[in-house]
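Have a look at the structure below, then the notes.
FYI, side chains are in, hydrogens and waters are out, and symmetry mates aren't considered; it's all heavy atoms of this structure.
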Amino acid sequence: MKSAKALTLTYLTPVSFASLNGSDKEADNMSNIKKISVGVEQYPYVSSQAIRRALRNQLEVLGRELSEGVAASQAKGAATTKQEPDKYIDDDLFGYMGTESGDGTTKGGSTKRTSVVRVSPLIALNPYQGDLDFGTNYMGVKAGGDPNIFETEIHSGLYRGTILIELDRVGKGDGFKSEISNTEKAARVKDLLKAIKNLWASGRQTRFLADISPKFVVAAMLSTKNPIFLESVKVETGGINFSIIEETLKDYEPEIISSVIGMRKGFFVTDIANVKSIGEAFEEMEKWIDEYYKQ
């Protein structure tokens, strides 16, 4: 594990009925979802910003204190965090950017920590079919108003996401007064893995509760930094194309230190033989992290 630089994982999650990530309105009384166009088809997605927010929220659920809620010191500046990565896990793993105003005699400055955790959007592998949920709001009727009719775009399909963690940057570098202990580095990454395993986005969940936690995952410890599975997890007629994954593992064999595949049986048309359960796969990843930071 000494030569490892990153842990990358790609996961699949089936969603039966959801409106996962809102977009700008295209029409009055219509709640749209984010979509990307590929040819004549449109594919829903959850933005990487929303996934990062979901991971932050889950870290807080797991008992981690977050660094949030600091107003910008410059007019029209963006809000930022406390910018203390030695103290706060989210400043360490997700980075930040802040600006400071000058006092008239000195020039304003900026602080930045590039995210250790790299996140892809969670993209649907099935196109949007134009489905809408019809709703009526009766809240104002008793006061003499009319019912308010609205529609929400909904989607059912399989989604794919990828995360890469730069292990050699955790707990040190920009923003740190001194490097934190290897024990705390391992604890932070393992808590992040727990957040990924239990991934849940709180947005649009009041009426469209959805589970976006992984039901299939393939992961590797690498001596390089490359999301090798990002474009290599394909689904054909409901089954996972395992031959592409096998070829990817073979192509990157010199760079792969350890790898694991986990799967929830029964979610796909064809189960892959001799793979671990989702829980066992994440336990294996946690063991990698313990071994890596023991060095």
Neighbour count >12 (heavy atoms, 6.0 Å) for atom [atom1], [X]:
X: Tyr252; atom1: OH; result: no
X: Gln49; atom1: CD; result: no
X: Leu132; atom1: CG; result: yes
X: Glu247; atom1: CD; result: no

If you measure from the Lys or Arg side-chain nitrogens to the Asp or Glu carboxylate oxygens, is any gap between [X] and [Y] under 4.0 Å?
X: Glu41; Y: Lys35; result: no
X: Asp91; Y: Lys87; result: no
X: Arg113; Y: Asp92; result: yes
X: Glu184; Y: Arg188; result: yes
X: Glu179; Y: Lys185; result: yes
X: Asp90; Y: Arg64; result: no

If you look at every heavy atom in [X] and [Y], which pair is closest and at what distance?
X: Ser48; Y: Val119; value: CB-O, 3.4 Å
X: Ile196; Y: Pro214; value: O-CD, 3.2 Å
X: Ser223; Y: Pro254; value: OG-O, 4.3 Å
X: Gln205; Y: Ala201; value: CG-O, 2.9 Å
X: Glu166; Y: Ser115; value: OE2-O, 3.7 Å

Determine whether [X] and [Y] fall in the same hydrophobic cluster, where Ile, Leu, Val, Met, Phe, Trp and Tyr are linked whenever their side-chain heavy atoms lie under 4.5 Å apart.
X: Ile154; Y: Leu20; answer: no
X: Val117; Y: Phe176; answer: no
X: Ile89; Y: Val189; answer: yes
X: Ile257; Y: Phe282; answer: yes

Taking the inter-plane angle between the rings of Tyr128 and His155 on a 0 to 90° scale, is it parallel (under 30°), tilted (30 to 60°) or perpendicular (over 60°)? tilted
[atom2] on [Y] to [atom1] on [X], rounded to 0.5 Å:
X: Leu167; Y: Leu7; atom1: CG; atom2: CG; value: 6.0 Å
X: Lys276; Y: Met263; atom1: NZ; atom2: CE; value: 15.5 Å
X: Tyr45; Y: Ser120; atom1: OH; atom2: OG; value: 12.0 Å
X: Trp200; Y: Ile212; atom1: CH2; atom2: CD1; value: 9.5 Å
X: Glu236; Y: Leu125; atom1: CD; atom2: CG; value: 11.5 Å
X: Leu55; Y: Ile163; atom1: CG; atom2: CD1; value: 5.0 Å

For residues 254-267, the side chain to side chain donor-acceptor pair (under 3.5 Å) pairs (sequence neighbours left out) are none
Got a donor-acceptor contact below 3.5 angstrom from the [X] side chain to the [Y] backbone?
X: Thr8; Y: Ala220; answer: no
X: Arg169; Y: Thr114; answer: yes
X: Lys215; Y: Ser213; answer: yes
X: Lys34; Y: Gly22; answer: yes
X: Ser67; Y: Lys82; answer: yes
X: Ser232; Y: Ile245; answer: no
X: Glu60; Y: Leu66; answer: no

Polar contact flag, side-chain donor to acceptor under 3.5 angstrom, Arg207-Thr152: yes
Any side-chain donor-acceptor pair under 3.5 Å between Ser16 and Ser156?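 Result is no, nothing qualifies.
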Start with the C-alpha gap between Glu283 and Lys197, add the side-chain angles, then the distance that decides, and say whether salt bridge (charged side-chain N to carboxylate O under 4.0 Å, His left out) holds. CA-CA 10 Å; Glu283 287 175 2; Lys197 178 187 173 186; 6.0 Å; no
